[in-house]
*Asks:* 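Mind looking over this structure? Questions follow.
Just the heavy atoms: all of them, side chains too, but no hydrogens, waters or symmetry mates, feed the values below. Letters A, B, ... are given to chains in the order of the sequence lines, protein chains preceding strands, and every chain is numbered from 1. Here the structure is a predicted model, which means the values were calculated and not measured.
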Amino acid sequence: MVDFIRDIIAEDLKANKNGGRVHTRFPPEPNGYLHIGHAKSICLNFGLAAESHGLCNLRFDDTNPSKESTEYIRSIKSDIKWLGFDWGDRLFYTSDYFEKLYQYAVQLIKKGKAYVCDLSPEEIREYRGTLTEPGKDSPYRNRSAEESLDLFERMRAGEFKEVSRVLRAKIDMSSPNLNMRDPVLYRILRTPHHRTGDKWCIYPMYDYAHCLSDSIEGITHSICTLEFEDHRPLYDWVLDQLDVDCHPQQIEFARLNLNYTVMSKRKLLELVENGHVSGWDDPRMPTLSGLRRRGYTPESIRNFCERIGVAKRDSVIDVALLEHCIREDLNRSVPRVMAVLRPLRVVIDNYPEGQVEELDSPYHPDDPSVGSRKIPFSRVLYIEQEDFLEDPPKKFFRLSPGREVRLRYAYYITCVDVVKDKQSGEVVELHCTYDPETRGGWSRDGRKVKATLHWVSECDSIPAGVRLYNHLFTKENPNEEKGNIDFKTYLNPNSLEILTSCRVEPVLANAAPGSRYQFERLGYFCLDSVDSSDGALVFNRTVTLRDSWAKIAKKEKL
RNA sequence: UGGGAGAUCGUCCAGCGGCAGGACUACGGACUCUGACUCCGUCAACCCAGGUUCGAAUCCUGGUCUCCCAGCCA
């Protein structure tokens, strides 16, 4: 695997930069759940370190107590572990460094590189200028270091109201890079911090805290997303002013975007708070907890992150690639079972009433080591409604009147009669005959059937609920908010389909929460770990199987 | 109309002066007790215009388009 970041690191290693050391970090702010975009960053940072016998830290960037919580810290740690990465004993918090950062700020003030500014937020904005016009100096810019120092100490001591004063870097109000126009370094915040309580009432800003935290931890390569490219001069400026012995290199890459979903924490939070989804772990969410609950494996997500590559250009990955990755993983490992989602009753007229046979069925067609189980077969069965058509189009080769098909691992059956509801005309039951000579699903005479259907026995199958998930949004790019259109207008009303009268084969009674199966011919499903209980099984559809019949049907009917 | 960054098949990624390649998707076909899997095959791209060169996706010049930046968010 090669990309521009690995190229840079390879060169650094070759030049013996950093003494041949590679040390990265993953620095989430605990203000939301991790999503698959974070997975890209996690795989990159931990992967880079592992490849070069280096280390990767986990550091919570907790400099804004008003948006952060320990619940987010808990979930982030558990998601990273689940994904398969280990930060060892290197769990850090920017808040660990608050005292050090404060002392560095004092240094800056003493060197005349920072000053306390009494301008209001509105005034600061005015003085900043615009994209095309330079800003102008704050009237407080030239107050003495002594005065700034005194004020800064008193800011820390809690003598001033929120918003009344800030500490600013003294750089260049006419810089074409707005980030360099005397950026705010510290602000007063009265919100108690989830880790430091009310010990502090001044908090460092990202641009100031991040580079120094990296430096303190001895980070060699500080990898972040493209929008921080403009911040790099400031990252370097801060480190250049101070006497630090580690100056990490910031490298930016393009964040992950997926079609048919949104990836910003703000928007995901909005979906959660407005009840458009059941929570951060709703299986429709692109969050790691959502994907996990949906049935995605860590392996498949890591594989996905590897395949999408790392580059600097903005891109949108087709969610079909993610689906490919999970199918690929599940296909090789997961047991097959039979489940009927929308049952159609089938009576085998010539099968003895009351008789039950146990038919041996392998769990995996290509891998005997996965084992097998017995499936009960009896006179009354269920098949899938969509597997029968009274009036079949030419390319439909499932069951229809007079036609013979195979019931998987069971018998050949032939449809002899169709029972319809007198009122609606809807097909409610089928009568079939079976060929006793085809036990196990094959015939001695070698005659072929065009279709194999999945089925369950009426008496011995057990009820289950199934949730079918589709794209959360109807639009490839819901972020395209043309005019006043909000991204939520593109929410897919059919993103969740709840099926309550499904039947599954009896072995599933003992299924463990979170366990994954292929429901033959339907897709991959997993037992929901939240809403499923012993008496009431609930399965989530992780992903459908590829379905060439669906494609044909769609094409013909349109 | 300031600054920063980026433009290669429908999508993503490679190419680093010498035959534009891979993955996903789509479309054909083979196989099949899953219309699955697997296998084989097909379609499909260098933003534009000049220049340098025997030779340019790659180097140079000039355009065009897209993204990011005016939080006391990260």
*Asks:* In whole Å, what separates the C1' atom of B:C69 from that of B:A74?
*Replies:* 14 Å

*Asks:* Check the distance between B:C37's C1' and A:His324's NE2 and give it to me in whole angstrom.
*Replies:* 12 Å

*Asks:* Would you verify whether the NZ or CZ of A:Arg195 falls within 45 degrees of the ring axis of A:Tyr93 while also being under 6.0 Å from that six-membered ring's centre?
*Replies:* yes

*Asks:* Scan A:Tyr186 against the nucleic acid and name what it touches under 4.0 Å (heavy atoms): base, sugar-phosphate only, or nothing.
*Replies:* nothing

*Asks:* Side-chain N or O of A:Thr130 less than 4.0 angstrom from OP1 or OP2 on B:G2?
*Replies:* no

*Asks:* Is the NZ or CZ atom of A:Lys267 positioned over A:Phe487's six-membered ring, under 6.0 angstrom from the centre and within 45° of the axis?
*Replies:* yes

*Asks:* Run the salt-bridge test on A:Glu556 and A:Lys395 with the 4.0 Å N-O cut-off and return the result as yes or no.
*Replies:* yes

*Asks:* If you look at every strand shown and take non-hydrogen atoms under 4.0 Å, does A:Val166 touch a base, only sugar-phosphate, or nothing?
*Replies:* base

*Asks:* So what does A:Pro27 touch, heavy atoms closer than 4.0 Å: a base, only the sugar-phosphate, or nothing?
*Replies:* nothing

*Asks:* What distance, rounded to whole Å, do you find between the two C1' atoms, one in B:C13 and one in B:G29?
*Replies:* 28 Å

*Asks:* Roughly how many Å is it from CZ in A:Arg327 to C1' in B:A36, rounded to a whole number?
*Replies:* 10 Å

*Asks:* Please determine if a side-chain N or O atom of A:His454 lies less than 4.0 Å away from the OP1 or OP2 oxygen of B:U34.
*Replies:* no

*Asks:* Under 6.0 Å from the six-membered ring centre of A:Tyr363 and within 45° of its axis: does the NZ or CZ of A:Arg336 meet both?
*Replies:* no

*Asks:* Using a 4.0 Å heavy-atom cut-off, does A:Leu119 contact any base of the nucleic acid, only the sugar-phosphate backbone, or nothing at all?
*Replies:* base

*Asks:* RNA chain B: A:His231 or A:Pro176, which has the more 5' nearest nucleotide?
*Replies:* A:Pro176

*Asks:* The side chain of A:Ala320 is closest to which nucleotide in this list: B:A36, B:G3, B:U25?
*Replies:* B:U25

*Asks:* A:Tyr102 ring centre to A:Arg156 NZ or CZ under 6.0 Å, with the angle to the axis within 45°?
*Replies:* yes

*Asks:* Report yes if a side-chain nitrogen or oxygen of A:Lys551 is closer than 4.0 Å to either non-bridging phosphate oxygen (OP1 or OP2) of B:A26; otherwise report no.
*Replies:* yes

*Asks:* Is A:Arg125 close enough to B:C72 that one of its side-chain N or O atoms is under 4.0 Å from OP1 or OP2 there?
*Replies:* no

*Asks:* Does a side-chain N or O of A:Lys448 approach OP1 or OP2 of B:U32 to a distance below 4.0 Å, or not?
*Replies:* no

*Asks:* With a 4.0 Å cut-off on heavy atoms, is A:Glu29 in touch with a base, just the backbone sugar-phosphate, or nothing at all?
*Replies:* sugar-phosphate

*Asks:* What form does the base of B:G71 take, syn (within 90° of 0) or anti?
*Replies:* syn

*Asks:* What is the base-pairing partner of B:A30, counting Watson-Crick and G-U wobble geometry with both distances under 3.5 Å?
*Replies:* B:U38

*Asks:* Please report the distance separating the C1' of B:A44 from the corresponding atom of B:C9, rounded so that it comes out in whole Å.
*Replies:* 5 Å

*Asks:* With a 4.0 Å cut-off, would you call A:Arg342 and A:Glu384 a salt bridge?
*Replies:* no

*Asks:* Using the P atom as the point on both nucleotides, what is the distance between B:U52 and B:A14, in whole Å?
*Replies:* 31 Å

*Asks:* What is the separation between atom CG on A:Asp547 and atom P on B:C37, rounded to the nearest whole Å?
*Replies:* 10 Å

*Asks:* If you check the A:Arg398 side chain, which of B:G35, B:A5, B:A70 turns out closest?
*Replies:* B:G35

*Asks:* May I ask you to decide if the ring planes of A:Phe539 and A:Tyr517 are parallel, tilted or perpendicular, using 30° and 60° as cut-offs?
*Replies:* perpendicular

*Asks:* Between A:Lys395 (NZ) and B:G35 (C1'), how many Å, whole number?
*Replies:* 12 Å

*Asks:* Would you kindly check whether a donor in the side chain of A:Arg546 faces an acceptor in the base of B:G35, or vice versa, at under 3.5 angstrom?
*Replies:* no

*Asks:* Using whole Å, report how far CG of A:Leu522 lies from P of B:C37.
*Replies:* 14 Å

*Asks:* Establish, with yes or no, whether the OP1 or OP2 oxygen of B:A74 is under 4.0 angstrom from a side-chain nitrogen or oxygen of A:Arg59.
*Replies:* no

*Asks:* Whom does B:C19 pair with, Watson-Crick or G-U wobble, provided both distances fall under 3.5 Å?
*Replies:* none

*Asks:* Under 4.0 angstrom, heavy atoms only, what part of the nucleic acid is A:Arg181 near: base, sugar-phosphate, or nothing?
*Replies:* nothing

*Asks:* In whole Å, I'd like the distance from the CD atom of A:Glu227 to the C1' atom of B:G3.
*Replies:* 17 Å

*Asks:* If B:C59 has a Watson-Crick or G-U wobble mate with both distances under 3.5 Å, name it; if not, just say none.
*Replies:* B:G51

*Asks:* Could you tell me whether A:Tyr203 contacts a base, only the sugar-phosphate backbone, or nothing, with contacts defined as non-hydrogen atoms closer than 4.0 Å?
*Replies:* nothing

*Asks:* Output, in order, the C-alpha distance, side-chain angles, deciding distance and verdict of side-chain hydrogen bond (donor to acceptor under 3.5 Å, both in side chains) for A:Thr225 and A:Glu227.
*Replies:* CA-CA 6 Å; A:Thr225 43; A:Glu227 68 271 25; 3.1 Å; yes

*Asks:* Ring centres within less than 5.5 Å and planes less than 30° apart: is that true of A:Trp549 and B:G35 in this structure?
*Replies:* yes

*Asks:* Rounding to the closest angstrom, what is the interatomic distance between B:A45 and B:U11 at atom C1'?
*Replies:* 12 Å

*Asks:* Which class fits the ring pair A:Tyr33 and A:Trp280: parallel under 30°, tilted 30 to 60°, perpendicular over 60°?
*Replies:* parallel

*Asks:* Any chance you could measure A:Arg307, atom CZ, to A:Ile317, atom CD1, to the nearest 0.5 Å?
*Replies:* 12.0 Å

*Asks:* Would one find a side-chain N or O of A:Arg521 under 4.0 angstrom from OP1 or OP2 of B:G35?
*Replies:* yes

*Asks:* Reading nucleotides 12-17 of chain B from the 5' end, what letters show protein touch, with B for base, S for backbone sugar-phosphate only, - for no heavy atom under 4.0 Å?
*Replies:* SSS-B-

*Asks:* Which listed nucleotide (B:A70, B:C37, B:A74) is nearest to the side chain of A:Arg128?
*Replies:* B:A70

*Asks:* Under a 3.5 Å cut-off for both distances, is B:C67 Watson-Crick or wobble paired, and to whom?
*Replies:* B:G4

*Asks:* Which nucleotide in the list B:U34, B:C68, B:G35 gets nearest to the side chain of A:Asp230?
*Replies:* B:C68

*Asks:* Establish, yes or no, whether a centroid distance under 6.0 Å links the rings of A:Tyr524 and A:Phe519.
*Replies:* no

*Asks:* So A:Tyr127, base contact, sugar-phosphate only, or nothing? Heavy-atom distance under 4.0 Å.
*Replies:* nothing

*Asks:* Among the nucleotides B:G2, B:C24, B:C72, which one has an atom lying closest to any side-chain atom of A:Leu178?
*Replies:* B:G2

*Asks:* Have a look at A:Glu133 and say if it touches a base, only the backbone sugar-phosphate, or nothing, with a 4.0 Å heavy-atom cut-off.
*Replies:* nothing

*Asks:* If I take atom CD in residue A:Glu252 and atom P in nucleotide B:G3, what distance separates them, rounded to the nearest angstrom?
*Replies:* 19 Å

*Asks:* Which is true for A:Ile124 with a 4.0 Å heavy-atom rule: it touches a base, it touches only sugar-phosphate, or it touches nothing?
*Replies:* base

*Asks:* Please report the distance, rounded to the nearest Å, between CG in A:Asn179 and P in B:C72.
*Replies:* 11 Å

*Asks:* Under a 3.5 Å distance rule, please check whether A:Thr438 uses its side chain to pair with a backbone N or O of A:Gly441 as donor and acceptor.
*Replies:* no

*Asks:* Strictly by Watson-Crick or wobble contacts shorter than 3.5 Å, is anything paired with B:C24, and which nucleotide is it?
*Replies:* B:G10

*Asks:* For A:Thr63, which contact category applies under a 4.0 Å heavy-atom criterion: base, sugar-phosphate, or nothing?
*Replies:* sugar-phosphate

*Asks:* I'd like the C1' distance from B:A57 over to B:G4, given in whole Å.
*Replies:* 24 Å

